[in-house]
Amino acid sequence: MNKVDYLRISLIDRCNFRCRYCIPDDAELQYLLTPELLSNEELLKLIREVFIPTGFRKFRLTGGEPLLRPNLVSLVEAIAQLPEVEDLSMTTNAFLLEKVAVDLYQAGLNRLNISLDSLNKETFDQIIGNYGKSRWDQTWRGILAAYDAGFNPLKLNVVVIPGVNDSEILDLTALTLDRNWHVRFIEFMPIGNGDLFDERAWIPSEELRQQIRERWGLTEGEIQGNGPADVFQIPGAKGTVGFISQMSECFCDRCNRMRLSADGWLRPCLLNEADQLDLKTALRTNISSEILQQKVQHLLDIKPEVNFKLREMGSDLGQYSRTMSQIGG
Ligand code: SAM
Ligand code: SF4
């Protein structure tokens, strides 16, 4: 059985983008109010007294958009200073990154994953739901600032959407030729997005690999990372190309993670709401850390049986009520 030692922590459910694959066009989102979010103190207490004692060692900060979280740098610093924390990373859309990249690096953030779905400004704005001045340039400056600050390698996440950005696979892959960037193509998950779900809602990673193989050649999966991505490389390239294929190649059996929502719900699996734990209410009603450890341990014990198999859910996925930005992607 896989060791589960990785926690994805959503810091906030709000976002400054409205990516069409993440937030359906017609979604009326009810955002959490500040008192409903776990405070920095509560989060640190949970990490120190509950998650570390139950074996968690790797933490990823996400959202919504984590850069919208007030006092983010001091929170990062406090988590990074805990001696048991082996890896602290963040997933961001990079729009607000330029000014804060150096501070985050110096605060002890080890790694950054940045979402970048297109190199074409129009397509990018269309995907993120922006109808004003293009947001691509500022996002790109955020990416470069992160690389210059020392986030090396830098991971770029691309959600592949048929008919929208699938014509850019080779251009995005070419970013790995001269820089130590890891471009990762993610199969679109039609979660909460019933309208976008059809037979071709997602493109199997193997089709993308075939395109890249024909253009440059590709090592055959010799480089394996720790996470769900299958990692390949163009011969001679500085960076790598990864594929996260949760739709075509279910990797639930090697899942090593749980998710904590911004309002303190711990989920054993991305889509499993039935077994989630309300840690915020427990904290606020002074349930002891020992009891919380037992509850988390129970969730760890049952996780293999309660992992959802995305592929098997079929079109039920589209009816799923929460968006990725709310769950904490
Ligand atoms: N706002 C940050 C960002 O976009 O990087 C962090 C949160 S976002 C929910 C985390 C990741 O989830 C992003 O890489 C995004 O592309 C991915 N994501 C969101 N909705 C998705 C979907 N329906 N299918 C696949 N990936 C999705
Ligand atoms: Fe896009 Fe991330 Fe915001 Fe979702 S949370 S809308 S993926 S930027």
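Atoms within a ligand are numbered from 1 in the order they appear, just like the ligands themselves. Just so you know, these numbers come straight off a predicted model, no measurement behind them.
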**Message:** Let's go through F17 and N130 carefully: what are the C-alpha distance in whole Å and the side-chain angles of both, what is the deciding distance for side chain to side chain contact (heavy atoms under 4.5 Å, CB included) to 0.1 Å, and is it a yes or a no?
**Reply:** CA-CA 7 Å; F17 286 5; N130 175 44; over 6 Å; no
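Side chains of R141 and D137 form a contact here, defined as non-hydrogen atoms less than 4.5 Å apart. Side-chain contact between Q293 and K295 is absent, with no heavy-atom pair separated by less than 4.5 Å. Looking only at side-chain heavy atoms (C-beta outward), L300 and T54 come within less than 4.5 Å of each other.
In terms of polar-atom proximity, defined here as any N/O pair under 3.5 Å, Y21 does make such a contact with ligand 1. Residue M189 has at least one nitrogen or oxygen atom sitting less than 3.5 Å from a nitrogen or oxygen atom of ligand 1, judged on distance alone. Considering backbone and side-chain atoms alike, T62 places every N or O at 3.5 Å or more from each N or O of ligand 1.
The shell of residues lying under 4.0 angstrom from ligand 1, judged by heavy atoms, includes G64. Distances shorter than 4.0 angstrom occur between a heavy atom of G64 and an atom of ligand 2.
Of all atoms in ligand 2, listed by their number and element, those nearer than 4.0 Å to a heavy atom of F17 are 3 (Fe), 6 (S), 8 (S). Less than 4.0 angstrom separates some heavy atom of N93 from each of these atoms of ligand 1: 2 (C), 3 (C), 5 (O). Under a 4.0 Å criterion applied to the non-hydrogen atoms of E65, ligand 1 contributes the atoms 1 (N), 2 (C).
Only side-chain heavy atoms of C22 come within less than 4.0 Å of ligand 2; its backbone N, CA, C and O stay farther off. Of all the heavy atoms of N113, none lies under 4.0 Å from any atom of ligand 1, so neither backbone nor side chain is involved. Contacts of V159 with ligand 1, taken as heavy-atom pairs under 4.0 Å, involve the side chain alone. Of the heavy atoms in I23, only side-chain atoms (C-beta onward) come closer than 4.0 Å to ligand 2.
Between atom 8 (S) of ligand 2 and the options N93, L67, T92, I128, the minimum heavy-atom separation is to N93.
Looking at K303, R57, K58, R257 one by one, the single match for salt bridge (charged side-chain N to carboxylate O under 4.0 Å, His left out) with D5 turns out to be K58. Tested against I203, the residues D166, I161, I169 include a single side-chain contact (heavy atoms from CB on, under 4.5 Å) partner, D166.
Atom 3 (Fe) of ligand 2 has an N, O or S atom of C15 under 2.8 Å away, backbone or side chain.
Cation-pi geometry between R60 and Y6 is not met: the NZ or CZ atom fails to fall both under 6.0 Å from the ring centre and inside 45° of the normal.
Residue Y105 places its OH atom among 12 or fewer non-hydrogen atoms of other residues, nucleotides or ligands, all under 6.0 Å distant.
With no hydrogens or angles considered, a side-chain donor-acceptor pair links Q210 and R213 at under 3.5 Å.
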